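Step one of this worksheet: look at the structure below.
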Amino acid sequence: MLGRANPMLPMICGIERVKRETHDTFTFELTPPCDYSFAPGQFNMLYVFGVGEVAISVSGDPSKKEALVHTIRAVGSVTKAICKLKGGGSVGVRGAFGSDWQIDKAVGKDVVLVAGGIGLAPLRPVIYHILANRAEFGRVSVLYGTRTTGDLVFRREIEQWRGRFDLDFEVTVDTASADWRGDVGFVTTLIRKASFDPLETVAMLCGPEIMMRFSIAELKKLGLTSEQIFVSMERNMKCAVGFCGHCQFGPAFVCRDGPVFRLDHLEPLFGKHEI
Amino acid sequence: MPDILESKNLQQLIEVLSADGYRVVAPTVRDNAIIYDEIATVADLPKGWTDKQDGGNYRLEKRKDDAFFGYNVGPHSWKKFLHPPVTRLFRAKLEGNGFQVVPEVEETPDFAFFGVRSCELHAIAIHDRVLIDEQFVDPVYQARREKIFTVAVNCGQAGGTCFCVSMNTGPKASFGYDIVLTEVLDGERHYFTVETGSEKGAEVMSKIPLRKAEAEESETAEKIVAETVLQMGRYLDTTGIRDLLIRNYDHPRWDEVASRCLTCANCTMVCPTCFCSTVEDVTDLKGHAAERWRKWDSCFTLDFSYIHGGNVRSSAKSRYRQWMTHKLSAWIDQFETSGCVGCGRCITWCPTGIDITEEVRAIRETEVSD
């Protein structure tokens with residue numbers, strides 16, 4: 001968090017570059033505020049002039065201080081407004097907020113990242129960190145599923161990652177067009193094919209709750225415990241600092257205690273209806 | 001031994017506070033209810049009035065005496081002054097390709113809260129915990145909170161929906177005041193015992209006409225508060241309540257209460273500890289100037305839990321469960337205190353008279369153990 005007296009006041013950040021990822025998803029490179037830093041998994045509140053604020057995870061490289069990167073899917077009024085902004089414009093930024101993926105707990109272990117849709121964005125900083133410190137980790141698998149081939153983000157980068165011998169990057173789509181030669185099916189189907197030692201593995205999950213629920217069931221069948229599984233939660237957020245009450249999940253404030261939780265800290269409520 | 005302030009001199013306390021620059025806010029009668037607002041003289045206090053309260057029911061009645069504080073809490077709480085219902089967070093204006101943020105420069109009012117009950121002192125302490133003592137500080141709340149002068153009043157009677165004894169929050173003020181009064185009406189005599197809780201309080205007291213209390217006067221005041229303890233309109237058994245509600249997430253009572261709950265949010269608006277808020281963005285017609293406002297919000301609204309794809313808590317059942325479980329259970333995990341101070345407002349102001357103490361009892365008594 002920035003050292004500011006009023007946690008509700010945004011800093012203004014210029015938009016350096018906008019990259020179109022898919023028909024509705026864009027990656028924004030912002031000039032970061034002074035002394036800005038974040039840990040993989042943390043998020044910012046992005047403010048669009050006159051429209052509102054939205055919580056978005058940082059999708060960039062934590063070691064690169066010169067750019068603050070967000071990947072945003074236009075689904076609500078604020079995200080739609082952000083996605084209309086162009087290089088040279090600006091947004092308000094508050095952050096970084098929340099918990100991170102605690103990558104240090106995965107050192108010396110196999111790592112499985114399971115991402116659904118835009119859920120790959122909050123996990124991308126983990127991939128950057130692991131690849132920059134590759135020797136510290138065991139086998140590393142990234143399992144990525146989207147609805148259609150048209151929803152795949154970071155395509156060029158994924159192609160590069162898939163060319164590496166020290167990273168197993170698997171992609172599947174729910175429904176494929178005729179020219180797709182890759183896997184078809186839910187991301188859970190990739191979990192079985194991945195190679196990792198269930199006793200010495202840390203799994204990090206980000207995507208729709210239903211996708212995380214089925215992934216957890218699959219990982220547990222293979223022997224992982226809740227203490228080995230980290231999930232990133234999404235809830236309505238207005239303040240990001242524990243004042244507005246909107247993001248509560250049982251006793252947790254997702255903004256402050258999350259968004260990343262070790263699964264056993266969310267149980268027994270995780271997966272229950274209307275929490 | 002406390003001091004004695006004769007009731008005819010109560011006006012002088014208000015005058016001293018006004019002269020010290022405070023805006024004196026106190027109970028006053030408006031629209032057939034006792035609410036909190038700025039007062040000028042003792043004549044603005046609800047002298048000779050009392051309130052009859054029950055589930056979904058609030059009526060003012062004339063008392064047979066001239067008590068200044070012969071009633072319990074109404075629909076307002078002090079949170080409306082410390083955590084205002086509507087606050088502008090900032091203004092922004094377009095500039096070239098971008099925009100500038102203009103922070104709010106608010107002249108924070110100096111409030112003297114006049115007639116704060118013990119349960120309300122506890123409620124303020126809970127807000128301190130939520131809005132000041134955690135990782136982040138709400139500057140709006142903090143600026144106002146630091147400046148208040150608190151005149152507490154020990155309750156001389158309990159209301160029909162009061163249960164502060166169950167929550168261990170009253171009826172006698174034990175902390176958080178500058179001055180505390182106990183009102184005594186004894187035959188022809190009408191006076192207040194006065195005790196100080198701070199240097200600020202002692203300074204104010206030095207400016208008003210007081211005398212030392214006789215032992216008998218002090219005992220009479222103690223007796224009045226002790227009798228209040230026995231008059232509680234409601235009772236809530238808090239034994240193991242945190243775990244009780246967690247393990248009864250699927251209890252059929254939630255469906256039953258949802259059939260009576262209108263999700264109107266009244267309970268959250270009158271609750272002195274409910275702190276939830278939302279934000280609203282507005283622009284001028286040309287779209288050159290924007291403002292961002294914070295407003296009280298309620299977990300009973302459908303939008304409260306909206307994320308793309310739908311509302312997390314779409315049923316009335318889940319919203320009532322969220323409110324009550326947060327208040328009595330999750331709050332303990334979050335802030336190491338219950339979120340309920342037993343003031344009874346949520347019971348009185350519920351249009352269908354849903355009673356939090358009855359809901360806890362129903363769950364406790366019909367719990368199906370695994």
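Reminder, nothing fancy here: chain letters follow the sequence lines and each chain counts from 1. Here the structure is a predicted model, which means the values were calculated and not measured.
Counting only distance, with no hydrogens or angles, the side chain of B/Lys79 and the backbone of B/Phe275 share no donor-acceptor pair below 3.5 Å. One N or O on the side chain of A/Trp101 and one on the backbone of A/Pro122 form a donor-acceptor pair closer than 3.5 Å. A side-chain donor-acceptor contact under 3.5 Å links A/Gln42 to the backbone of A/Gly98. Without hydrogens or angle criteria, B/Asn97 side chain to A/Gly88 main chain gives a donor-acceptor distance under 3.5 Å. Checking side-chain atoms of B/Arg129 against main-chain N and O of B/Phe335 turns up a donor-acceptor pair under 3.5 Å. B/Asp237 places a side-chain N or O within 3.5 Å of a backbone atom of B/Thr239 that can act as its donor or acceptor partner. No donor-acceptor pair under 3.5 Å is formed between the side chain of A/Thr79 and the backbone N or O of A/Ala74. A/Thr25 places no side-chain N or O within donor-acceptor distance of the main-chain N or O of A/Thr22, the cut-off being under 3.5 Å.
Note on ring orientation: taking the six-membered ring where Trp is involved, the planes of B/Phe99 and A/Phe49 are tilted (angle from 30° to 60°).
Looking at A/Glu209, there are no atoms closer than 4.5 Å to chain B (heavy atoms on both sides), in backbone or side chain. Contact of B/Asp297 with chain A is made through the side chain alone, with heavy-atom distances under 4.5 Å. With a 4.5 Å cut-off on non-hydrogen atoms, A/Leu85 does not touch chain B at all. Contacts between A/Lys86 and chain B at a heavy-atom distance below 4.5 Å are absent for every atom of the residue. B/Ile332 does not touch chain A: none of its heavy atoms, backbone or side chain, sits under 4.5 Å away. For chain A, no part of B/Lys317 is nearby; none of its heavy atoms comes within less than 4.5 Å. Heavy-atom distances place both the backbone and the side chain of B/Arg313 under 4.5 Å from chain A. In this structure, chain A has no heavy atom under 4.5 Å from any part of B/Arg319. Of the atoms belonging to B/Ser315, heavy atoms from both backbone and side chain fall under 4.5 Å from chain A.
Ionic pairing of A/Asp174 and A/Arg147 is not present here: no N-O contact between side-chain nitrogen and carboxylate oxygen is shorter than 4.0 angstrom.
Both tests hold for B/Arg321 against B/Tyr249: distance to the six-membered ring centre under 6.0 Å, angle to the ring axis within 45°.
The interface of residues 243-251 of chain A with chain B, defined by heavy-atom distances below 4.5 Å, comprises A/Phe243, A/Cys244, A/Gly245, A/His246, A/Gln248, A/Gly250, A/Pro251.
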| message | Set out, in order, the CA-CA distance, both residues' side-chain angles and the distance that settles side chain to side chain contact (heavy atoms under 4.5 Å, CB included) for A/Val153 and A/Tyr144, then state yes or no. | response | CA-CA 10 Å; A/Val153 294; A/Tyr144 174 40; 3.3 Å; yes
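Heavy-atom pairs under 4.5 Å with chain A were tallied for B/Gly96, B/Cys299, B/Ser314; the largest tally goes to B/Ser314. The choice from B/His326, B/Gln322, B/Glu134, B/Glu104 that makes the most heavy-atom pairs within less than 4.5 Å of chain A is B/His326. The candidate with the highest count of non-hydrogen atom pairs below 4.5 Å against chain B, out of A/Ile15, A/Asp257, A/Val75, A/Ile275, is A/Ile275. Per-residue heavy-atom pair counts under 4.5 Å with chain A were compared for B/Val312, B/Ile307, B/Asp333, and the maximum is reached by B/Val312. No other option in A/Gly242, A/Gly92, A/Pro208, A/Ser90 has as many heavy-atom pairs under 4.5 Å with chain B as A/Ser90. Heavy-atom pairs under 4.5 Å with chain A were tallied for B/Val282, B/Thr278, B/Thr325, B/Val279; the largest tally goes to B/Thr278. For the set B/Thr283, B/Asp250, B/Val137, the entry with the most heavy-atom pairs within less than 4.5 Å of chain A is B/Val137. Between chain A and the options B/His288, B/His83, B/Glu280, the largest number of non-hydrogen pairs under 4.5 Å is found for B/His288.
Between B/Glu359 and the options B/His251, B/Arg260, B/Arg364, a side-chain hydrogen bond (donor to acceptor under 3.5 Å, both in side chains) holds for only B/Arg260.
Counting non-hydrogen atoms of neighbouring residues, nucleotides and ligands closer than 6.0 angstrom, the CG atom of A/Asp264 exceeds 12 such neighbours.
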